[in-house]
Amino acid sequence: MSTYSLVNSVKRAAFNWEGKSMTAIYDNILESIGNAKVVMIGEASHGTEEFYHHRAEITKRLIEEKGFSCVCVEGDWPDCYLINNYVKGKAALKESFSKFTRFPLWMWRNHQTIKFARWLKHHNSAFENDTQKVGFYGLDLYSLHSSMHEVLKYLQEHDPAAAKKAKERYACFDHFSEDAQEYGMETCYGMKKSCENEVITQLTEMRLAYAKLLKENHDLEKENEYFSALINAIVVKDSEEYYRGMFTNKNTWNMRDSHMTETLDSILKHITTVKQQDHDESMAKAVVWAHNSHLGDSSFTDSRRIGQKNVGQYVRAKYGLESTFNIGFSTYSGTVTAANEWSEPGVTMKIRPSDPETWEYAFHETGIQNFHLRFRANPSTKGLTLEERNMVEDIEGRNLLERAIGVIYRPRTERVSHLFTANICKQFDCMIHIDYTNALKKIDEGIGERSHEDMADTFPFEV
């Protein structure tokens with residue numbers, strides 16, 4: 001199929017945003033979602049204002065109209081749990097963003113996230129029962145030391161005897177520096193004994209205690225607090241394994257995305273349990289916010305050749321295609337907030353016009369500034385239009401390059417650093433294209449220190 005034919009097929013099927021209200025635009029997207037249990041909304045960069053804005057607006061509609069229970073993001077559990085406390089009326093706004101002080105500072109500490117958190121708190125204020133309030137949670141595994149701190153903090157307050165044992169186990173890490181990569185290297189090469197047994201023992205003990213708590217106790221506050229401590233213990237266990245895996249042949253990308261998927265599943269199961277205790281039979285549903293590289297089904301990208309899987313692929317396999325929906329974003333050019341190198345301040349950078357061999361270039365060639373494409377619709381919906389079905393038939397076997405900008409952007413080496421091959425209509429269920437986008441508005445110009453804990457598996461996209 002020629003590029004000319006591809007562009008024309010896309011142009012005929014595109015839902016052109018020009019002259020339409022955002023209500024009508026979002027209506028068209030929500031219609032194809034149907035009764036999905038998990039809706040994944042991506043981003044083509046970690047620093048684009050429009051991606052954050054439209055993702056938040058679509059999420060608001062999912063919460064208000066389809067009863068979604070939580071927002072789960074590509075962030076660390078301890079940091080995001082402070083936002084969860086804020087949106088549920090248990091913390092001040094300043095406190096809720098206080099832990100986002102390390103690189104990349106702008107990723108969640110930005111105006112769009114704060115604006116959404118304020119909206120979510122207002123939404124939740126209408127409900128007296130905590131089971132009806134929408135939560136905000138982090139799925140990532142980089143918080144090895146802060147998650148240990150949170151486990152000990154919880155146990156010291158609620159079970160001093162258990163805290164004493166946990167402290168003895170986690171003391172294993174006192175023999176290492178705060179740099180988790182150094183821990184991985186020293187244990188992998190036999191320089192020091194790993195803490196694997198200690199973190200597994202601690203997690204096993206806490207899992208048993210959590211199961212007992214759910215069986216014997218119907219105090220929602222206690223259940224939620226222990227669940228948060230349990231997730232932190234899971235982070236410690238998975239993070240410890242992850243950093244050791246960096247220096248072996250283990251696929252750390254898969255370890256990370258598997259952890260995010262399992263954390264998502266644990267959140268949904270916990271919400272379902274507490275709903276049932278409150279005689280609420282409504283289904284637990286989650287909106288997931290992460291980079292396109294994590295949420296676009298990797299089995300339809302060149303990641304498949306190297307055995308790499310991601311959240312999008314895991315989620316579709318776990319819940320079934322028709323119980324999920326996957327939305328991606330793209331842009332042709334504009335500006336982006338990103339860093340030149342790791343731990344450097346985020347700056348406004350120009351995005352290069354897309355390579356002629358990319359999907360973004362094909363979308364630009366339609367001449368439509370802003371639009372979305374629907375590649376699939378779930379059951380109980382009106383389905384795709386004839387033009388959309390014809391487009392999918394035309395392009396479903398087509399593989400083009402796709403751009404991924406993470407927290408670092410290297411425009412001079414973009415083809416090597418940021419492009420990968422994808423079958424976009426299988427990778428996503430819907431693609432939103434904003435032809436020219438703007439850099440994400442940061443709150444702070446300064447930047448805190450962050451160790452190089454998470455550099456290895458995110459190379460080259462830094463996502």
Practice problem: Determine whether the side chains of W289 and T59 contain a donor N or O and an acceptor N or O closer than 3.5 Å. | Solution: yes
Quiz item: Just checking, K60 and F68: is the charged tip under 6.0 Å from the six-membered ring centre and within 45° of the axis?
Solution: no
Quiz item: Which value, rounded to the nearest 0.5 Å, describes the distance between R109 atom CZ and F97 atom CZ?
Solution: 8.5 Å
Exercise. Examine the side chains of E50 and N438 and answer whether a donor and an acceptor come within less than 3.5 Å of each other.
Key: yes
Practice problem: May I ask you to decide whether R244 forms a salt bridge with E196, counting only side-chain N to carboxylate O separations under 4.0 Å? | Solution: yes
Practice problem: Report the C-alpha distance between H111 and E49 in whole Å, list the side-chain angles of each, state the deciding distance to 0.1 Å, and finish with yes or no for side chain to side chain donor-acceptor pair (under 3.5 Å). | Solution: CA-CA 9 Å; H111 289 283; E49 188 79 7; over 6 Å; no
Quiz prompt | Verdict with supporting geometry, H433 and W17, ring-ring contact (aromatic ring centres under 6.0 Å, His included) | solution = CA-CA 10 Å; H433 180 75; W17 288 15; 10.0 Å; no
Practice problem: Let me see the working for Y319 and D265 under side chain to side chain donor-acceptor pair (under 3.5 Å), right down to the final yes or no. | Solution: CA-CA 10 Å; Y319 302 110; D265 193 56; 2.6 Å; yes
Quiz item: With no hydrogens and no angle check, do the side chains of Y81 and E150 hold a donor and an acceptor under 3.5 Å apart?
Solution: no
Exercise. List the steps, then state whether ring-ring contact (aromatic ring centres under 6.0 Å, His included) holds for W77 with Y142.
Key: CA-CA 9 Å; W77 180 271; Y142 292 135; over 10 Å; no
Practice problem: State, to 0.1 Å, how close A439 and T337 come at their nearest heavy-atom pair, and which atoms those are. | Solution: CB-OG1, 3.4 Å
Quiz prompt | Spacing of S293 atom OG and E74 atom CD [to the nearest 0.5 Å] | solution = 9.0 Å
Quiz item: Taking 4.0 angstrom as the limit, do K250 and E241 come out as a salt bridge?
Solution: yes
Practice problem: In sequence, state the C-alpha distance, the side-chain angles, and the governing distance for D280 and T131, and then conclude on side chain to side chain donor-acceptor pair (under 3.5 Å). | Solution: CA-CA 9 Å; D280 181 353; T131 60; 4.8 Å; no
Quiz item: Where is the tightest heavy-atom contact between P78 and S143, given as atom of each residue plus distance?
Solution: CD-OG, 3.4 Å
Quiz item: For F51 and F329, what are the C-alpha separation, side-chain angles and deciding distance, and is it a ring-ring contact (aromatic ring centres under 6.0 Å, His included)?
Solution: CA-CA 7 Å; F51 298 162; F329 280 92; 5.1 Å; yes
Quiz item: In Å, rounded to the nearest 0.5 Å, how long is the span from CD1 of I231 to CG of L139?
Solution: 9.5 Å
Self-check item: Carboxylate-amine/guanidinium proximity below 4.0 Å for D27 and R61
Solution: yes
Exercise. Please answer whether the main-chain N or O of D435 pairs with a side-chain N or O of H364 as donor and acceptor at a distance below 3.5 Å.
Key: no
Quiz item: Between K115 and E57, is there a side-chain N and carboxylate O pair less than 4.0 Å apart?
Solution: no
Quiz prompt | From OH (Y226) to CG (L230), nearest 0.5 Å | solution = 7.0 Å
Quiz prompt | Main-chain N/O of D257 paired to T261 side chain as donor or acceptor, under 3.5 Å | solution = yes
Quiz item: Do you know which two heavy atoms are closest between F103 and E344, and how far apart they sit?
Solution: CE1-O, 3.3 Å
Quiz item: Do N110 side-chain atoms and W106 backbone N/O form a donor-acceptor pair below 3.5 Å?
Solution: yes
Quiz item: Can T48 and S45 be counted as having a side-chain donor-acceptor contact under 3.5 angstrom?
Solution: yes
Quiz item: In terms of the angle between their ring planes, are F371 and F363 parallel, tilted or perpendicular, with boundaries placed at 30° and 60°?
Solution: perpendicular
Quiz prompt | Residue that, paired with D297, satisfies side chain to side chain contact (heavy atoms under 4.5 Å, CB included) out of K309, R316, M40 | solution = R316
Quiz item: Hey, does the side chain of S32 reach the backbone of I29 with a donor-acceptor pair shorter than 3.5 angstrom?
Solution: yes
Quiz item: Looking just at side-chain N and O atoms, do N378 and N35 make a donor-acceptor pair shorter than 3.5 Å?
Solution: no
Practice problem: Please check if the side chain of S303 supplies one atom and the backbone of S298 the other of a donor-acceptor pair under 3.5 Å. | Solution: no
Practice problem: Could you check whether the rings of Y26 and H54 sit parallel, tilted or perpendicular, using 30° and 60° as the cut-offs? | Solution: perpendicular
Quiz item: With distance as the sole criterion, is a donor-acceptor pair present between the side chains of Q276 and H279 under 3.5 Å?
Solution: no
Exercise. Working to the nearest 0.5 Å, report the span between CD of E43 and CD1 of I432.
Key: 12.5 Å
Practice problem: For the pair H291 (side chain) and I405 (backbone), establish whether a donor and an acceptor sit closer than 3.5 Å, ignoring hydrogens and angles. | Solution: yes
Quiz item: Does a donor on one side chain sit under 3.5 Å from an acceptor on the other, for N310 and H294?
Solution: no
Quiz item: For Y52, is the NZ or CZ atom of R55 found under 6.0 angstrom from the centre of its six-membered ring and inside 45 degrees of the ring axis?
Solution: yes
Quiz item: What is the distance from atom CD1 of I114 to atom CZ of F100, rounded to the nearest 0.5 Å?
Solution: 10.0 Å
Self-check item: Closest non-hydrogen atom pair, L82 against S98
Solution: CD1-OG, 3.9 Å
Quiz item: Hey, does the side chain of T385 reach the backbone of E388 with a donor-acceptor pair shorter than 3.5 angstrom?
Solution: yes
Practice problem: For the residue pair H270 and N224, confirm or rule out a side-chain donor-acceptor distance under 3.5 Å. | Solution: yes
Practice problem: Grab the two heavy atoms, one from C70 and one from I271, that are nearest each other, plus how far apart they are. | Solution: SG-CD1, 3.8 Å
Quiz item: Counting only N and O atoms by type, is there a donor-acceptor contact under 3.5 Å from the side chain of R403 to the main-chain atoms of Y332?
Solution: yes
Quiz prompt | Ion pair D429/R374, N-O distance below 4.0 Å | solution = no
